[in-house]
Amino acid sequence: MQVTPARSYRCTYHPRDAYGGTQLSETGVLPVIQVKAGSAEHAQRAAAAITGCAIESVERVDDAEVAA
């Protein structure tokens, strides 16, 4: 079994309104959540589970960015 180290990922998501529909942003900027996971796919699944929202994008954050 191969162990993959956890890396930081920044996930952008579409927030929901009180009725469960997608809430549009007036500024066009979507909220983000940062998670640690072994891959981008696992990060996307974790972010969706945490927020309960549709995930727009997932990008890996370099260790130097996290420390800053």
#### Entry: From CZ (R7) to NZ (K36), nearest 0.5 Å
9.5 Å
### Summary
The side-chain hydrogen bond (donor to acceptor under 3.5 Å, both in side chains) partners of T22 (sequence neighbours excluded) come to none
Show the nearest heavy-atom pair for residues [X] and [Y], with the distance to one decimal.
{"X": "R16", "Y": "G52", "answer": "NE-O, 2.7 Å"}
{"X": "V58", "Y": "Y9", "answer": "CG1-CD2, 3.8 Å"}
{"X": "C11", "Y": "I55", "answer": "CB-CG2, 4.2 Å"}

Using atom types as modelled, flag every donor-acceptor pair under 3.5 Å from a side chain in residues 41-51 to any protein atom, sequence neighbours excluded.
residue, atom, partner, partner atom, Å
E41, OE2, R45, NH2, 2.6
H42, ND1, S39, OG, 2.9
T51, OG1, A47, O, 2.8
T51, OG1, C53, N, 3.2

### Task
For E59, enumerate each residue passing the salt bridge (charged side-chain N to carboxylate O under 4.0 Å, His left out) test, keeping only those at least two apart in sequence or located in another chain.
R10
